[in-house]
Amino acid sequence: MPEHEIPAGAMDDVDAVTHAVLTASRLLVAVSARSLAEVEERVTLPQVRMLMVLATRGATKLVTLADLLQVAPSTAMRMIDRLIAAGLADRRTNPTNRRETLLQLTEEGRHTVANVTARRRAEISAIVERLTPKQREGLVEALTAFNEAGGEPLAPALDDAEPYPLGWVDVPATHDA
C-alpha cells in the first residue's frame, strides 16, 4: 500500500471520532446558548463575545478590540454603541493620551459576563459529574490532544494575565452577599 493511503480501518476511526466531536460541539453550543438565555433579549452572541474580550483585556481601544474580534472597526463601533446603549459598556478618554478613547465594561457589563460564564460552567460541571472518574480522565486526555492538534494553546489559569486567543475568558463566578 502506498504511504499516502489511509488504511480502511483508520478511515472508519476518523469518521467515528469526527462524528463524536460534532455531536459534542452541538452539546457545547446548546450549553452556551442556554447560558445566554437570560441576556439574549439584550445582547447577541457576538456582543457577548465583545463583553468577554473587554472583561479579559480591560479598557481597550476600538481598533484593538476590532482586531481581537477579527471584525472591521466600523462593525466593532456599531457593536460597542449597542452595548453602551444597553448600559453594559462605556467610553472614556485615555488618561495617558487624551486623543484616544478607551472602551470598558460597566459594573452591569461585568455582572453580565460573570453571570453567563457561571451558568455555562455550572451546566458543563453537571454534565462532567455524570461521568466516572476514568471517563473524566479520558476526556481530559482526549480534549487536550484535540486542542493541541487544532493549535489551541492550553487555557490560562484564572490568575493568568493572558486571555484565550479568541478573547474568551473563564471568569470566576461572583456571589452576591
Side-chain angles (χ1 to χ4, degrees), residues 21-128 143-144 146-147 150-177:
V21 170
L22 287 171
T23 302
S25 73
R26 280 197 319 268
L27 172 61
L28 291 171
V29 167
V31 166
S32 292
R34 287 190 295 269
S35 73
L36 295 172
E38 188 175 298
V39 297
E40 71 183 346
E41 290 183 12
R42 295 181 64 199
V43 292
T44 64
L45 179 58
Q47 290 169 335
V48 169
R49 186 163 169 243
M50 180 177 274
L51 291 173
M52 295 287 189
V53 170
L54 288 172
T56 303
R57 296 282 178 164
T60 306
K61 294 189 301 184
L62 179 70
V63 174
T64 303
L65 187 58
D67 187 50
L68 290 167
L69 294 171
Q70 298 177 342
V71 299
S74 59
T75 300
M77 178 65 83
R78 286 190 298 276
M79 290 170 64
I80 199 71
D81 285 345
R82 289 183 188 116
L83 292 174
I84 290 169
L88 301 172
D90 64 15
R91 290 182 181 91
R92 68 176 172 91
T93 302
N94 184 344
T96 61
N97 182 347
R98 302 203 45 82
R99 293 178 295 174
E100 291 180 347
T101 299
L102 297 175
L103 308 165
Q104 62 188 12
L105 294 181
T106 62
E107 186 60 37
E108 187 176 355
R110 283 187 289 281
H111 180 71
T112 298
V113 168
N115 185 21
V116 167
T117 303
R119 292 176 70 149
R120 186 176 65 234
R121 175 181 278 282
E123 190 165 345
I124 290 171
S125 181
I127 293 167
V128 170
L143 290 175
T144 299
F146 182 76
N147 291 333
E152 183 69 15
L154 292 175
L158 290 177
D159 60 351
D160 196 331
E162 286 299 310
Y164 296 92
L166 294 179
W168 293 101
V169 63
D170 191 5
V171 179
T174 58
H175 301 286
D176 294 330

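Because only heavy atoms are used, hydrogens play no part in the values below, and waters and symmetry mates are left out as well, while side chains stay in. In what follows, residues are counted from 1 in the order of the sequence shown. Computed from a prediction, not measured in an experiment: that's the story for all the values here.
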Next item on the list: Check each of Leu103, Leu102, Thr101 against Leu62 using the side chain to side chain contact (heavy atoms under 4.5 Å, CB included) test, and report the only one that passes.
Entry: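 Among the candidates, only Leu103 passes.
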
Note to self: Please enumerate all residues that pass salt bridge (charged side-chain N to carboxylate O under 4.0 Å, His left out) together with Arg34, with sequence neighbours excluded.
What the structure shows: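 Partners of Arg34 under the salt bridge (charged side-chain N to carboxylate O under 4.0 Å, His left out) test: Glu123.
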
Note to self: Checking Arg91 now: which residues fulfil salt bridge (charged side-chain N to carboxylate O under 4.0 Å, His left out) with it, not counting sequence neighbours?
What the structure shows: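 Only Asp81 meet the salt bridge (charged side-chain N to carboxylate O under 4.0 Å, His left out) criterion with Arg91.
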
Can you name the nearest heavy-atom pair linking [X] to [Y], along with the distance?
| X | Y | answer |
| --- | --- | --- |
| Thr106 | Gly87 | OG1-O, 2.6 Å |
| Ala59 | Arg92 | CB-NH2, 3.4 Å |
| Arg120 | Ser35 | N-CB, 3.6 Å |

Rounded to the nearest 0.5 Å, what separates atom [atom1] in [X] from atom [atom2] in [Y]?
| X | Y | atom1 | atom2 | answer |
| --- | --- | --- | --- | --- |
| Gln70 | Arg49 | CD | CZ | 6.5 Å |
| Leu68 | Arg57 | CG | CZ | 4.5 Å |
| Met52 | Leu105 | CE | CG | 10.0 Å |
| Glu108 | Thr112 | CD | OG1 | 5.5 Å |

Notebook entry, point to check: Do the non-hydrogen side-chain atoms of Leu51 and Val116 ever get within less than 4.5 Å of each other?
Noted result: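 No - every pair of side-chain heavy atoms lies 4.5 Å or more apart.
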
Notebook entry, point to check: Given the rule in the side-chain contact (heavy atoms from CB on, under 4.5 Å) test, do Leu36 and Leu45 qualify, once you have shown the distances and angles that lead to the verdict?
Noted result: CA-CA 8 Å; Leu36 295 172; Leu45 179 58; 3.4 Å; yes

With [X], which residues qualify under side chain to side chain contact (heavy atoms under 4.5 Å, CB included), at least two apart?
| X | result |
| --- | --- |
| Arg78 | Ser74, Thr75, Arg82 |
| Thr44 | Pro46, Gln47 |
| Val63 | none |
| Val29 | none |

Notebook entry, point to check: With Ser125, which residues qualify under side-chain hydrogen bond (donor to acceptor under 3.5 Å, both in side chains), at least two apart?
Noted result: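 Residues passing side-chain hydrogen bond (donor to acceptor under 3.5 Å, both in side chains) with Ser125: none at all.
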
Item checked: Asp90: side-chain hydrogen bond (donor to acceptor under 3.5 Å, both in side chains) partners, not counting sequence neighbours ->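 With neighbours one apart ignored, the set is Gln104.
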
Note to self: Can you pull out every salt bridge (charged side-chain N to carboxylate O under 4.0 Å, His left out) where at least one residue sits in residues 60-69? Sequence neighbours excluded, please.
What the structure shows: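 Pairs touching residues 60-69 that pass the test: Lys61-Glu100.
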
Next item on the list: Start with the C-alpha distance between Leu54 and Ile80, add both sets of side-chain angles, then the distance that settles side-chain contact (heavy atoms from CB on, under 4.5 Å), and finish with yes or no.
Entry: CA-CA 10 Å; Leu54 288 172; Ile80 199 71; 3.8 Å; yes

Notebook entry, point to check: So Thr60 and Val53, side-chain contact (heavy atoms from CB on, under 4.5 Å) or not? Walk me through it.
Noted result: CA-CA 9 Å; Thr60 306; Val53 170; 5.7 Å; no

